[in-house]
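Since the model is a prediction, treat every value here as computed from it, not as a measurement. Every chain is numbered from 1, with letters handed out A, B, ... down the list of sequences.
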Amino acid sequence: MAKKVFVGMSGGVDSSVTAALLRDQGYDITGVYMKNWSKDLPGMICPWKEDYQDAKRVAVQLGIPFKMYDFQTEYRQRVVDYMLGGYKAGITPNPDIMCNQEIKFKLFLDTALSDGADMIATGHYARSVDGELHTAANVEKDQTYFLYRVTEDALQHSLMPIGEFETKAEVRSLAKKFSLATAEKKDSQGICFVGKVGIKDFLLHELGQQPFGVIINQDGVIIGQHDGAIFYTIGQRHGLDVGGGLPYYVIGKDMAKNEVYVTTDLQDKNLWSKNLQLSNIHWINGIPEPTKTYQVRTRYRAPLIPCKVSPCKTKKDGEVSILLSEEVRAITPGQSAVIYDDNRVLGGGVVI
RNA sequence: UGGGGCGUGGCCAAGUGGUAAGGCAUCGGAUUUUGGUUCCGACAUUCGGGGGCUCGAAUCCCUCCGCCCCAG
């Protein structure tokens, strides 16, 4: 009896190829479109219907059953509200990490299992190996950064065949070989529901106008005005609307005073750090050893930096400090630091 | 009121007779399943206003306007 696998099909190439490959490997495949968001925004029509139809079209081509799960309510509560809350609090949240933790590898998994599936599969560039999370063969596209909060149990029930390919071109050519309708579809990017509207416009739409405040440079001089401190994040350069001389980078902000601090000095102490405090720890398989040297990634696609992890007792929800071997620019509260042991993802936490 | 300095695109800022560098900002695009970063492209027929010398001036001369500094 072939294993029943429910493939999360977004309507993109990667998940289409995932379904095709697994079908050919002999699994009993069902395609599932997760409807997480469908609301239009000013200046953008939500493409969920096209995506749904693309996914369905591929399912038909592959001759597999297809269904839709409506997760809009949960997505709104667990991802969008988390994101809005983070911005309101002055940090820079990472909704895609939350989406994987709460929706794809929890709600989708649980729903699929209770729906008769033995496993789920996704089009992620990552590898699920015996309950461990490993980086993708394609180093450029590796998405493990977004997946460090997935549990060992979820990984035991997940397949990510796209993680085996070294190039996107291989995936595309497979899509062509299978004659999939999505073979030429452009890669998606940006937060799915925000799309080309942009995060600032989305926040304006959801949270409304924010109080104006001042922008202060490294000498304590007011050099401009901002239209809401929540819109700015550490390390940010563009969108400040202050010019003259060198570019300005955001080095901090005070939500209570509603002030944004910037500098033109790229060597500014406040912009660099080699010591991070993490909260909401999540270790996938086990707790890291304090004596060992691991590698850490502080943002998507950033290079791995050797580091040490402070002693830690709990597998989740604790705090830990990370000592990097070199200074890293623009460490940002709300973003995640993910710890690697070569190709294996240990887990990580949220920067305080 | 004397003496000196300055006024170049939204902001910094080169350029002192040969036909407006560069940077920031802004806008557009590329890269990117968060935010951000990075990359590429666009962006002053014109140099505070007016007049003059010159084949030719932002650059020289005159004058007006504005700002700054030092004297009083």
Mind checking whether Y33(A) and Y52(A) have parallel, tilted or perpendicular rings, split at 30° and 60°? perpendicular

Considering only the P atoms, how many Å lie between rG48(B) and rC39(B), rounded to the nearest integer? 33 Å

Taking any heavy-atom pair under 4.0 Å as a contact, classify [X]: base, sugar-phosphate, or nothing.
X       : result
R299(A) : base
G224(A) : nothing
T332(A) : base
Q143(A) : base
I97(A)  : nothing
Y125(A) : nothing
Y248(A) : nothing

Report yes or no: is the cationic atom of R301(A) (NZ for Lys, CZ for Arg) closer than 6.0 Å to the six-membered ring centre of Y145(A), at no more than 45° off its axis? no

Side chains of [X] and [Y]: is there a donor and an acceptor less than 3.5 Å apart?
X       : Y       : answer
S173(A) : E170(A) : no
T144(A) : D142(A) : yes
N270(A) : Y261(A) : no
T92(A)  : Y87(A)  : no

Polar atom pairs (N or O), protein with nucleotides 41-44 of chain B, under 3.5 Å:
none

Where does RNA chain B form stems of at least three consecutive Watson-Crick or G-U wobble pairs, each pair having both distances below 3.5 Å? B:1-7 with B:65-71, B:10-12 with B:22-24, B:26-30 with B:38-42, B:48-52 with B:60-64

Assert: residue with more 5' nearest nucleotide on RNA chain B, out of R329(A) and N94(A), is N94(A)

Check this for me: does the side-chain of Q335(A) come within 3.5 Å of the base of rU34(B) through a donor and an acceptor? yes

If only side-chain N and O atoms of Y300(A) are considered, is one of them under 4.0 Å from the OP1 or OP2 phosphate oxygen of rU33(B)? yes

Is there a side-chain contact between R237(A) and the phosphate of rC24(B), meaning an N or O under 4.0 Å from OP1 or OP2? yes

Numerically ordered, the residues 162-177 of chain A set in heavy-atom contact under 4.0 Å with RNA chain B is none

